[in-house]
Amino acid sequence: MEDLTAKEVAAMLNELADLMEIKGDNPFRIRAYQNAARAITGQSEKLIDIVKDGRLQDIKGVGEGLAGIITEIFETGTSSQLEELKRELPAGISELLNIPGLGPKRAHQLYYELEINNIDDLKLALKENQVQTLKGFGPKTENNLLEALLEYENYQGLMTIGRADKLAKRLEEYFKESDGLWKQMSFAGSLRRRKELVKDIDMIFVPAEDKLEELKDTIKNYPESEKIELAGDTKITLQLENGIKVDFRLLEEESYPFAQQHFTGSKEHNVVIRRIAKEAGYISNEYGLFDRETDEKVTRINTEADLYEFLGLSYIIPELREDKGEIEAASENKLPESVELADIKGELHLHTRYSDGACTIEEMVEAAIAQGYEYIAVTDHSESLRIASGLTVEDLEEQAKEIAEVQKKYPDFKILSGIEVDILSDNNLDFSDEVLEKLDLVIGSIHSGFTQSEAEINERIITAMENPNVDIIAHPRGRLLGKREAYPVDMDKIIKEAARTGTALEINASPSRLDLDDHYAKKAKEADVKISINTDAHHTRELKDMELGVSVARRGWLEKDDIINTMNSDQLIDYLNK
DNA sequence: GCCGTTTTCGGCCCGACTGTTTTCAGTCG
């Protein structure tokens, strides 16, 4: 039996689906493959265990056929169907589908009529005007595809939610200057669902009376826009620098709640919502909910919550709308009571000038108080992390004195003395137990030895968790979003051991980390592992990143009680002393 | 290929925009 993750198997099923699409297979069959790919990644159990027990068909979306394919992948490392398609279609062809405006039908034509089987071939053919000779293509399509291809080569990534938030803020400020032109304005899409990586930004507007045209012009004149991608009656797409797109939808006021729901997505969530509406005898779209017989609009829906209620569901927060079990839970009234930003009572991971932070202890305290917190833990780096001027034992004693001084000035606020201690490559911690014992809070983390094997890194983390002084493991996977992959680590094992040793795992809220992510945060909850949401702030302003960490927690179905820094300071101190 | 309080067949979400057509196909979200 091959050792594969659900994600790896899902990638194979999606590749199968892509190739089947290009070949021209039955679209419903293709969707079944895509659904199954998503369904297996949404499982909390390890996929290999489900396969071993022969329980694949218990997963909704996996029937006899796909269970066979998935089992075959585990037994042989691949699928004979996939291998056959790969023999039939060249390797680079599925990448063509990544170019905006180029879907399976056109890829099919390009391959079978012009023998184009990769991006480079396509670029050449477009430049030599061969593509416009195909049926259904013309000079405009050819030109659009060439532009899209060049953009794709230039920018093919997703932006982090942190970056998207900054763009969104500038958009919001721009449109607030012309607030007479609209009655409603909101963001939707994956930005509103708070996904860690966002492809584009979606905005919804209800224009003020007689201001539709003026609003459209204002949108088109957005100063950061490099190109108007498309502009219709109700929809405008702008392209900003680096190929980032912003979609605008303009609707009547009575459509607003439906549009919010519709454009927030996800697509998969909406497919199920519309099916439920259909089964109840309605058509659901961005304009309203309509009786299938009479075409009459349901008038008593004024908010998104009304819409969910009408369909027999409790309100589903945007962060959960991924069709990963939330609709079933909503129909049974079993949704989590999602943690909120206001539940967070303190910050347990931050840096000061003692190591690589930019601010003093007192400045961090002031900022935390301004944010409504009851406590912080000062957790600078330990000695061996020289790049971040890690503290020696003497520095740590020095710092303890300063903490005591500042504590006197702020009697109603609790300052915990802590450390972010390096878990060294030889499994040892950077400080002795004698040093660690004296501290209120110890965070263990890996900042070196990323090239070690998975077994070695597992062992490092597990050894650290077995040390009774270690309270939290920081950024457990070590990834930097869009920059560095996670080091090899078996998170299922780490979560199991965290439960056994009573160690909390961190959701690192820094926009470049978001580690744990929503997926593993959910798994941790299901294993009864406590979570600490920490910003790892190196500056007072970074304490505000907490919102991103809370979003990850909300996407991971976490509730207040799953998170240690929702406790008040007395409860937290009790918890840490246990 | 999956699914079932219309259950073993016959469905499978819905609409906007563009470019290509002359009533629509393809793509996207």
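Just so you know, these numbers come straight off a predicted model, no measurement behind them.
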Candidate nucleotides [options], ranked by approach to the side chain of [X] - the nearest:
| X | options | answer |
| --- | --- | --- |
| A/Lys199 | B/dA16, B/dT18, B/dG29 | B/dG29 |
| A/Lys60 | B/dA16, B/dC3, B/dT18 | B/dC3 |
| A/Thr234 | B/dC17, B/dG19, B/dG29 | B/dC17 |
| A/Arg274 | B/dT18, B/dC13, B/dG15 | B/dC13 |
| A/Thr141 | B/dG26, B/dG29, B/dG19 | B/dG19 |
| A/Lys140 | B/dT27, B/dG19, B/dG1 | B/dG19 |
| A/Lys235 | B/dG26, B/dC2, B/dC17 | B/dC17 |
| A/Asn144 | B/dT18, B/dC17, B/dG1 | B/dT18 |
| A/His262 | B/dT27, B/dG29, B/dG15 | B/dG29 |

Once you apply a heavy-atom cut-off of 4.0 Å, does [X] come out as touching a base, just sugar-phosphate, or nothing?
| X | result |
| --- | --- |
| A/Ala231 | sugar-phosphate |
| A/Val62 | sugar-phosphate |
| A/Tyr33 | sugar-phosphate |
| A/Ile273 | nothing |
| A/Pro27 | nothing |
| A/Ile99 | sugar-phosphate |

Quick one: [X] [atom1] to [N] [atom2], roughly how many Å, whole number?
| X | N | atom1 | atom2 | answer |
| --- | --- | --- | --- | --- |
| A/Glu252 | B/dG15 | CD | P | 17 Å |
| A/Leu13 | B/dC2 | CG | P | 11 Å |
| A/Arg38 | B/dC2 | CZ | C1' | 13 Å |
| A/Arg249 | B/dC28 | CZ | C1' | 11 Å |
| A/Leu230 | B/dA16 | CG | C1' | 9 Å |
| A/Leu238 | B/dC28 | CG | C1' | 17 Å |
| A/Phe248 | B/dC17 | CZ | P | 15 Å |
| A/Asn14 | B/dG1 | CG | P | 16 Å |

For A/Glu45 and A/Gln43, which I'm curious about, is there any donor-acceptor pair between the side chains at under 3.5 Å?
no
Looking at [N], I'd like to know if its phosphate oxygens (OP1 or OP2) sit under 4.0 Å from a side-chain N or O belonging to [X].
| X | N | value |
| --- | --- | --- |
| A/Ser284 | B/dC13 | no |
| A/Lys267 | B/dC28 | no |
| A/Tyr287 | B/dA16 | yes |
| A/Asn270 | B/dC13 | no |
| A/Arg29 | B/dG1 | yes |

Between [X] and [Y], is there a side-chain N and carboxylate O pair less than 4.0 Å apart?
| X | Y | value |
| --- | --- | --- |
| A/Arg55 | A/Asp53 | yes |
| A/Arg192 | A/Glu304 | yes |
| A/Lys176 | A/Glu172 | yes |
| A/Lys523 | A/Asp492 | yes |
| A/Arg321 | A/Glu326 | no |

More 5' along DNA chain B: A/Tyr282 or A/Ile69, using each one's nearest nucleotide?
A/Ile69
Find which nucleotide of DNA chain B each of A/Gly232 and A/Gln81 is nearest to by heavy atoms, and output the residue with the more 5' nucleotide.
A/Gln81
For A/Phe248 together with A/Phe175, are the ring centres under 6.0 Å from each other?
yes
Is the gap between the ring centers of A/Phe290 and A/Tyr282 under 6.0 Å?
no
Test side chain to side chain contact (heavy atoms under 4.5 Å, CB included) on A/Asp562 and A/Val339 and set out the steps.
CA-CA 9 Å; A/Asp562 300 316; A/Val339 61; over 6 Å; no
Could you walk me through whether A/Glu542 and A/Ser510 pass side-chain hydrogen bond (donor to acceptor under 3.5 Å, both in side chains), step by step?
CA-CA 8 Å; A/Glu542 289 171 4; A/Ser510 163; over 6 Å; no
What interatomic distance, in whole Å, is found between [atom1] of [M] and the corresponding atom of [N]?
| N | M | atom1 | result |
| --- | --- | --- | --- |
| B/dT20 | B/dT27 | P | 13 Å |
| B/dT18 | B/dT22 | C1' | 16 Å |
| B/dG19 | B/dG4 | P | 42 Å |
| B/dG29 | B/dC13 | C1' | 12 Å |
| B/dT5 | B/dG1 | P | 23 Å |
| B/dA16 | B/dT7 | C1' | 36 Å |
| B/dT8 | B/dC2 | C1' | 12 Å |

Determine, stepwise, if the pair A/Arg555 / A/His519 fulfils side chain to side chain contact (heavy atoms under 4.5 Å, CB included).
CA-CA 8 Å; A/Arg555 289 179 57 82; A/His519 175 72; over 6 Å; no
Once base and sugar-phosphate atoms are separated, protein heavy atoms under 4.0 Å mark nucleotides 5-12 of chain B, 5' to 3', with B, S and - as -------B
Taking a pair to mean Watson-Crick or G-U wobble geometry with both distances below 3.5 Å, B/dC3 pairs with B/dG10
